Amino acid sequence: MSPIAIIDFETTGISPNMGDRATEVAIVMLEGGQVVDRYQSLMNAGVRVNSFITQLTGITNEMVQAAPPAEQVMRDAARFVAGRPMVAHNAAFDKKFWQAELARCGQDGSHAFACTLLLSRRLYPQAPNHKLGTLAALHHLPSSGRAHRALADAEMAAHLLAQMQHDLKTRYGCTQADHALLMGLQRTSRHMVGSYLKQRAGA
DNA sequence: TGCCAGGCCCTCTTTAGGGCCTT
């Protein structure tokens, strides 16, 4: 199965349209249910990090000021992804920052994003909620660092995706739990999930 | 200091409102 790039951004806020910028990015490459490669870097976009964000993430102004320029980091990140299909938890958020930060260095960010939040709502409707930490605890996924740091969250999302691929194979008989199947599943109404997966399993 | 977005999804819905999720 071809690799999938799972990405997570730490940022100064929730909206690049309102001037928020990325402070850290991590990308984990998942292949055959295993993490096979990682990229992580803080980045300096020349903006201040407020106290709420520092408390949430542990990322300080000093850390950001000492980091490489955002454009350099984003070029490296794009090179690392190399056009592979992408996944994030609440992908609408990370996709916005991926596109906004790449646009600042004149690069195209129109990658196909699958979303573990949307997929979780379809595969695990019984979950108490669909926060990344809750789902990781629910599935007894390994944790590898402080939550709300990019690499730890990207790895957690990668483990969640691997769990989903496993469940798609063992519970629903989907032998090809690839990115195309995930994109189709997240576009499927939750009432149609069973018939969609049955159709894909038989394909 | 306090505030900001936006797509998805549910329901006491569809000519709408509000919670969830991300930082």
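Predicted model only: the values in this text are computed from it and were never measured. Quick note on labels: first sequence line is chain A, next is B, and so on, each numbered from 1.
Across the protein-nucleic acid pair, A/Asn90 atom CG and B/dG7 atom C1' stand 8 Å apart, rounded to whole Å. We find that CG of A/Asn129 is positioned 13 Å from C1' of B/dT22, with the value rounded to whole Å. Between A/Asn17 atom CG and B/dG7 atom P there is a gap of 10 Å when expressed in whole angstrom units. Look at CD1 on A/Ile53: it is 15 Å from P on B/dC3, rounded to the nearest Å. As rounded to whole Å, 14 Å separates atom C1' of B/dC20 from atom CG of A/Leu132. The separation between A/Trp98 atom CH2 and B/dT23 atom P is 17 Å, rounded to whole Å. Rounded to an integer number of Å, the gap from A/Leu160 CG to B/dC21 C1' is 14 Å. Between A/Arg121 atom CZ and B/dC21 atom P there is a gap of 6 Å when expressed in whole angstrom units.
For A/Arg75 against A/Cys105, the heavy-atom pair with the smallest separation is NH2-CB, 3.8 Å.
With B/dC10, B/dT23, B/dC21 as the choices, the nucleotide that has an atom nearest any side-chain atom of A/Arg190 turns out to be B/dC10. When the nucleotides B/dT23, B/dC4, B/dC21 are ranked by their closest atom to the side chain of A/Leu117, B/dC21 comes out on top. Out of B/dC9, B/dT22, B/dA5, the shortest distance to the side chain of A/Ser15 is found at B/dA5. Checking B/dC21, B/dT23, B/dC8 against the side-chain heavy atoms of A/Arg122 singles out B/dC8 as nearest.
Taking the C1' atom of each, B/dT13 and B/dG17 are spaced 9 Å apart, rounded to whole Å. If you take atom P in B/dC12 and the same atom in B/dA5, they sit 28 Å apart, rounded to whole Å. Between B/dG18 and B/dG2, the two C1' atoms lie 22 Å apart (nearest whole Å). Rounded to the nearest Å, the gap between the C1' atom of B/dC21 and that of B/dT14 is 24 Å. Taking atom C1' on both B/dC8 and B/dT1, the two are 32 Å apart, rounded to the nearest angstrom. Across B/dT15 and B/dC3, the matching P atoms stand 33 Å from one another, rounded to whole Å. On the C1' atoms, B/dT23 is 25 Å away from B/dC10, given to the nearest whole Å.
From A/Arg146, atom CZ reaches atom CZ of A/Arg149 across 7.5 Å, with rounding to the nearest 0.5 Å.
Looking only at distances, a side-chain donor or acceptor of A/Glu24 sits under 3.5 Å from a matching main-chain atom of A/Ala150.
Residues A/Thr134 and A/Asn129 bring a donor and an acceptor atom of their side chains to less than 3.5 Å of each other. A donor and an acceptor atom, one from each side chain of A/His148 and A/Thr57, are nowhere located under 3.5 Å apart.
Residue-to-nucleotide proximity on DNA chain B shows that, of A/Asp153 and A/Asp20, the 5′-proximal contact is made by A/Asp20. The residue among A/Leu118 and A/Thr23 whose nearest nucleotide of DNA chain B is located toward the 5' end is A/Leu118.
Considering only side-chain N and O atoms, A/His130 lies nowhere under 4.0 angstrom from the phosphate OP1 or OP2 of B/dC21. Contact check, A/His89 against B/dC21: no side-chain N or O comes under 4.0 Å of OP1 or OP2.
Nucleic acid contact for A/Phe52: base, since at least one base atom lies under 4.0 Å from a heavy atom of the residue.
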- Task: Test salt bridge (charged side-chain N to carboxylate O under 4.0 Å, His left out) on A/Glu101 and A/Arg21 and set out the steps.
- Result: CA-CA 8 Å; A/Glu101 293 293 347; A/Arg21 297 293 304 274; 2.9 Å; yes

